[in-house]
Amino acid sequence: MAKDKHKKEELKDDEIVIEPELDETSEELTQEDAEDSDEEIKEEEQEITPEQRCEKLEAELEKEKKEYLFLMADFDNYRKRTLLEKQDLIKNGGQKVLEGILPVVDDIERAIDAIDQGGDLDSLKEGVDLIHSKLLGFLKSNHVEPIESTGELFDTDFHEAVTTFPAPDEDQKGKVIDTVLKGYKLNDKVLRHAKVVVGQ
């Protein structure tokens, strides 16, 4: 006991610091685990034979081929559907416009019947004016408007000169003196050029 006490005192006097030793057993275990995992990977690689690898690749290729064929069929169906829709649009695109004109046709037929029955001329004229206004209103609702021509400067974008006529005064030179046939435009596109007489 005395010897142990003496040893402890010596340690205090010399102030020796003892560092903890590394656990060699833990290092050995981690190295063993790494070696085991490497061996397992090698074993798995060795387990797959070339024939199995080939079969796996063929299965993946077959899967990709099926997906490709499915996409091609889907695209073909889309193309056919859009083509049919386009054909239907071309065939029946004017249906709404034609439906709007039918009431005007009905009014014209009534006016013809009234003429055949020898109706009053003033009332007939009033009826025709109403039909004309109705038709112009329908055209305007579909963005069709008349082209201004008489009194305007001659413009080849909107006017077509039928003939020229000596201008009554200098101000009317190069201007439209008279409109033979009224022109119309749809939005900013000319549907029909106005046929006009130009002052010279």
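Values below: all heavy atoms of this structure, side chains included; hydrogens, waters and symmetry mates excluded.
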Atom pair [atom1] ([X]) and [atom2] ([Y]), whose distance is rounded to the nearest 0.5 Å:
X	Y	atom1	atom2	value
His193	Phe158	NE2	CZ	8.0 Å
Thr82	Asn77	OG1	CG	10.5 Å
Asp178	Thr163	CG	OG1	11.0 Å
Glu55	Leu57	CD	CG	10.5 Å
Ile115	Leu121	CD1	CG	9.0 Å
Lys96	Asn142	NZ	CG	7.0 Å

Handout entry: Glu148, CD atom: more than 12 neighbouring heavy atoms under 6.0 Å
Key =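 No, not enclosed.
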
Check [X] against [Y] and note the closest heavy-atom contact, atom names and distance.
X	Y	answer
Thr164	Val197	C-CG1, 4.5 Å
Val97	Phe138	O-CZ, 3.2 Å
His159	Glu152	CE1-CB, 4.5 Å
Leu124	Ala111	CD2-O, 4.0 Å
Ala167	Ile177	CA-CD1, 4.3 Å
Phe154	Val198	CD1-CG2, 3.4 Å

4.5 Å side-chain heavy-atom contact, [X] and [Y]:
X	Y	answer
Gln52	Lys56	no
Leu136	Lys140	no
Arg81	Glu85	yes

Contacts under 3.5 angstrom, residues 182-192 side chains, donor-acceptor by atom type, not counting sequence neighbours:
{"residue": "Arg192", "atom": "NE", "partner": "Lys182", "partner atom": "O", "Å": "3.1"}
{"residue": "Arg192", "atom": "NH2", "partner": "Lys182", "partner atom": "O", "Å": "2.6"}

Exercise for the section: Decide side chain to side chain contact (heavy atoms under 4.5 Å, CB included) for Glu99 and Gln95; before the verdict, give the C-alpha distance in whole Å, the side-chain angles of both, and the deciding distance to 0.1 Å. Expected result: CA-CA 6 Å; Glu99 285 175 356; Gln95 182 177 348; 3.2 Å; yes

Problem - Co-membership, hydrophobic cluster, residues Leu135 and Ile108, 4.5 Å side-chain - result: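 Result: yes, single cluster for both.
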
Exercise for the section: Mind running side chain to side chain contact (heavy atoms under 4.5 Å, CB included) on Lys65 and Tyr68 for me, showing each step along the way? Expected result: CA-CA 5 Å; Lys65 187 178 176 182; Tyr68 170 76; 5.6 Å; no

Problem - Partners meeting salt bridge (charged side-chain N to carboxylate O under 4.0 Å, His left out) with Arg53 (sequence neighbours left out) - result: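 So Arg53 forms no salt bridge (charged side-chain N to carboxylate O under 4.0 Å, His left out) with any residue.
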
Handout entry: Cationic N near anionic O, under 4.0 Å, Glu170 to Lys173
Key =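 Yes, this pair counts.
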
Kindly list each side-chain donor-acceptor pair under 3.5 angstrom involving residues 125-132, sequence neighbours excluded, with atom names and distances?
{"residue": "Lys125", "atom": "NZ", "partner": "Asp129", "partner atom": "OD2", "Å": "3.4"}

Practice task
Determine yes or no for a side-chain-to-main-chain donor-acceptor pair under 3.5 angstrom, with Asp169 supplying the side chain and Asp171 the backbone.
Solution key: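 Side chain of Asp169 to backbone of Asp171: a pair is present.
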
Practice task
Evaluate the salt bridge (Lys or Arg N to Asp or Glu O under 4.0 Å) criterion for residues Asp106 and Arg110: first the C-alpha distance (whole Å), next the side-chain angles of each, then the deciding distance (0.1 Å), finally the verdict.
Solution key: CA-CA 6 Å; Asp106 294 336; Arg110 290 190 196 100; 5.0 Å; no

